[in-house]
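Let me begin by presenting the structure, written as structure tokens, before commenting on it.
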Amino acid sequence: MNKTSDFSKSFRDSNLVQGVVAEIKKITTQNWVLMEICGGQTHAIMQYGLDQLLPQQIELVHGPGCPVCVTPLDQIDRAHAIAKLPEVIFCSFGDMLRVPGSEVDLFTLRARGAQIRVVYSPLDAVKIAQENPDKQVVFFAIGFETTVPANASSVLQANAMGIKNFSILVSQVRVPPAMHAILSSPHSRVQAFLAAGHVCAVMGYWEYHPLASQYKIPIIVTGFEPLDLLQGILLSVRQLEQKQSIVENAYSRAVVEKGNQAAQKIIEQVFEPCDRNWRGIGKIPQSGLGLREEFSFYDAENRFQVGHIQTREHEICIAGEILQGLKKPFDCPAFGTLCSPTNPLGAPMVSSEGACNAYFRFSKSNNS
Amino acid sequence: MCLGIPGKIIQIEDSIGMKMAKIDFGGVIRSACIEAIPDAKVGDYTIIHAGFALNILSEEEAMETLLLLQEIADLNEELSVNEQDI
Amino acid sequence: MDDPIPVFEGPVCPLPLKNNTTIVMGHGSGGLMTHTLIKDVFQKYFNNQFINAGNDFANIPISGSLSNGKISISTDAHIISPIFFPGGDIGRLSICGTVNDVSMSGAIPLYITASFILEEGLSISDLEKIVVSMQVSAEEAGVEIVAGDTKVVEKGKGDGIFISTTGIGWLPDNIAIRGDLAQPGDIILISGTIGDHGIAVLSARGDLGFETDLISDVAPLNHLIQSLLREIPEIHVLRDPTRGGLATTLNEIAKQSNMGMEIFDELIPINSTVQNACEMLGFDPLYVANEGKVVVILPAKYKNKAIELMRNNQYGKNTTAIGEIVSTHPGRVVLKTSFGTTRMLEMMAGEMLPRIC
């Protein structure tokens, strides 16, 4: 049998799914609120309709796990300002193209003549810089710790190859400070966390033990296939029912406690923790990763003085409260009316893992 | 933030400043940076995210997890059969 | 093919360039160079009485009278990069695309017109390959290319070559096949694996840096469709899921018919390489373009016969039933997963982009 299938398709087996769902139903005796903080997991839950399988007592809340949704507005506006420069080829992951800034989005800028390219990997942007020596190539380096090593290696490669026309616009965020911020909020309803499996593949899960014991919540390292997610939910509920609050690893084929130390070294070589604004949430101290001084040459913010950025969030958008799980998309006055996937007012409606986008599509199915 | 799928390392190559490999995702071939998995060999499976290898996948752990889930499924099937008998 | 219109944009070289290997502005001027291009490339390969006559029109016979049938007509523009891709090229794409559009009404496609916008610098040998490919595709489909036009734009103002085609067919009066005719209980068939063309082309384009062995499914489907029409007395809807993929096409039909659809995820045929490429990039194969597939919606009682007939055709070997028309949730397409859960399949909104989330 093809091993690539073993590592993913076996974790979609419907018999096993039924079995785990039956077990969850068997052990659930009261209401529980679980949060997942990874856009990829939100996407998988929506794609497979996993929340439809769960007993009514279990509520899945989608946290700020989508780097698209949490990139601060001023950084998006800065990205747009840089992308407009005629000497710049602006490279980005596809996720960011539709995100509205204060005025427009990257798609519109492309239509107006800006050179904007979608790349699968930051290393592809380095290649573009190599192939276009008379242009400045800027890569929009967003992401959580999963993506940070890839972003870091683009800087290392450019440096090793002496490529000077490459730079990155950084907006990277760390998960543990975000979890702290959510859990420490007096309005938090979260009782258990599904920790993002690929973030943990890089960083490990040793950082979560103090979180679990401080806030007395179970934290389960969870993968992305249907069985992974259901297993994560099962273990969370089992702990909650037994009043336990420890960290467990339900993605052991991909994650070890210490994480990938070689990847962590790559991150530490290029980046260091810094304060970061999360769109809709505000500043979370030490929650970002910025370029170290020795790599500041590659910092697009230094290289391009795009002047004072005037940001303007849409007044009605309540993205912040939604991202923290404090409100549901239905609570927003603009949901489904002024704000929809074809006309998004804020990031959670743009990204297909954003809570608002997912609810918009899911709720139509539910009502049918 | 975590779109990463398993792929098999089919060729390891050194490029300037970066250890790279050709990865086969079941008929789709793409190169990826394997700096973070220096012990990787051809034939290993890894999760690739944005062109970067995050780890080496453990087949043993995968099998163990599936066995565990199978036990849960079997137990619940037994229970539901027993309920029907009652 | 076109009346020479004087163009006064500056000094004109009085002597036509000989032995060109690339298209230059002079090829679009309507003068001797244009006529030489037409003779040496277009007339050479589109070799039929209409093209050879060299008029600006073609008078074509329609056998059958307008009192027991209709002319079915469709037009399309074709832009693709790269212009040569695994499994085909822009020439084959343009002929098959229009043959298929006309066939989706149940009409028999007969004639095609083709107008070309060529970018200065396009290699003439590439143009020749494309024209040959068009003729080969036309012969396979049994249609004739009867009229055309050529213009040239300056370098940088055209992506190598754009082709616009119009197809004309004959639709007998006893056939009624349209997007608004789906009925509750109808079965939905797809003629084969989805997403092959889109992923093959994306792979060939190289921007996302991946390679596959996939080839485009571009093909003329008129013979397959006619074989169905000869034996199945009642077919309600035919449509080819091109841009926007299967999901968009199903949505269009659901809205036109004001019917609901229930589609079963596990039944949709997808090549594993396409599936893996989509998973790697974050695409949904249901939204990836196809150029050689047809959705057939017909009464359930003809399901098995239709599948058998379609599988007998080289372009329908993987024909499968994937769902049915329902009267609940009109206008909406619901996908049922293998776990028994559901999700809405929407129309594609905007461009499909690779993601990291």
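Every chain is numbered from 1 and lettered A, B, ... according to where its sequence line falls, protein lines coming before strand lines. All of these numbers come straight from a predicted model, not from anything done at the bench.
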Do A/Phe7 and B/Thr46 have side-chain heavy atoms sitting under 4.5 Å apart? no
For the interface with chain B, which of A/Leu16, A/Val202, A/Val21 has the highest count of heavy-atom pairs at distances below 4.5 Å? A/Leu16
I'd like to verify something: which residue of B/Ala50, B/Ser58, B/Ala73, B/Gly4 has the highest number of heavy-atom pairs under 4.5 Å with chain A? B/Ala50
Is any side-chain heavy atom of A/Val148 less than 4.5 Å from a side-chain heavy atom of B/Phe52? no
Please step through side-chain contact (heavy atoms from CB on, under 4.5 Å) for the pair A/Val20 and B/Leu69, ending with a clear verdict. CA-CA 7 Å; A/Val20 178; B/Leu69 296 172; 3.7 Å; yes
Using the rule side chain to side chain donor-acceptor pair (under 3.5 Å), only one of B/Glu61, B/Glu60, B/Glu64 pairs with A/Ser252; which is it? B/Glu61
Looking at every heavy atom in both B/Asn76 and A/Gly19, which two are closest together, and how far apart are they? ND2-O, 3.4 Å
Does the side-chain contact (heavy atoms from CB on, under 4.5 Å) test come out yes or no for A/Ser153 and B/Met18, once each step is laid out? CA-CA 8 Å; A/Ser153 39; B/Met18 206 105 293; 3.7 Å; yes
One should read off an interatomic distance between B/Thr65 OG1 and A/Asp228 CG, to the nearest 0.5 angstrom, of 8.0 Å
Cut-off 4.5 Å, heavy atoms of chain B, and the answer for A/Leu234 is side chain
Which bit of B/Leu57 is near chain A, if near means a heavy-atom gap under 4.5 Å: side chain, backbone, both or neither? both
When rounded to the nearest 0.5 angstrom, what distance separates CD in B/Glu35 from CD in A/Gln157? 9.5 Å
For residues B/Leu68 and A/Gln231, determine if any side-chain heavy atom of one lies less than 4.5 Å from a side-chain heavy atom of the other. yes
Could you pull out the closest heavy-atom pair between A/Thr146 and B/Cys2, with the gap in Å? OG1-SG, 3.4 Å
Heavy-atom contact with chain B under 4.5 Å, split by part of A/Glu23: both
A/Asn15 versus chain B, heavy atoms under 4.5 Å apart: side chain, backbone, both or neither? backbone
Max heavy-atom pair count under 4.5 Å with chain B, selected residue of A/Ala254, A/Ala160, A/Gly259, A/Ala263: A/Ala254
Name the region of A/Lys26, side chain, backbone, both or neither, that has any atom closer than 4.5 Å to a heavy atom of chain B. side chain
Calculate, to the nearest 0.5 Å, the distance between atoms CG and SG belonging to A/Leu156 and B/Cys33 respectively. 9.0 Å
Go through the structure and list residues passing side-chain contact (heavy atoms from CB on, under 4.5 Å) with A/Ile128, not counting sequence neighbours. A/Ile89, A/Cys91, A/Arg117, A/Val119, A/Asn132, A/Val137
Checking heavy atoms, do the side chain of A/Phe224, its backbone, both or neither come under 4.5 Å from chain B? side chain
Short side-chain to backbone donor-acceptor contact, A/Asn260 and B/Ala36, under 3.5 Å: yes
Structural part of A/Asp124 lying under 4.5 Å from a heavy atom of chain B: side chain
Residue from B/Asn55, B/Leu66, B/Asp74 scoring the most non-hydrogen pairs under 4.5 Å with chain A is B/Leu66
Separation of A/Ser121 OG from B/Arg30 CZ (nearest 0.5 Å): 5.5 Å
Distance, nearest 0.5 Å, that separates CZ of A/Arg253 from CE of B/Met63: 11.5 Å
CZ-OG distance between B/Phe25 and A/Ser8, expressed to the nearest 0.5 angstrom: 11.0 Å
List the residues meeting side-chain contact (heavy atoms from CB on, under 4.5 Å) with A/Asn159, not counting sequence neighbours, and say none if there are none. A/Phe295, A/Tyr298
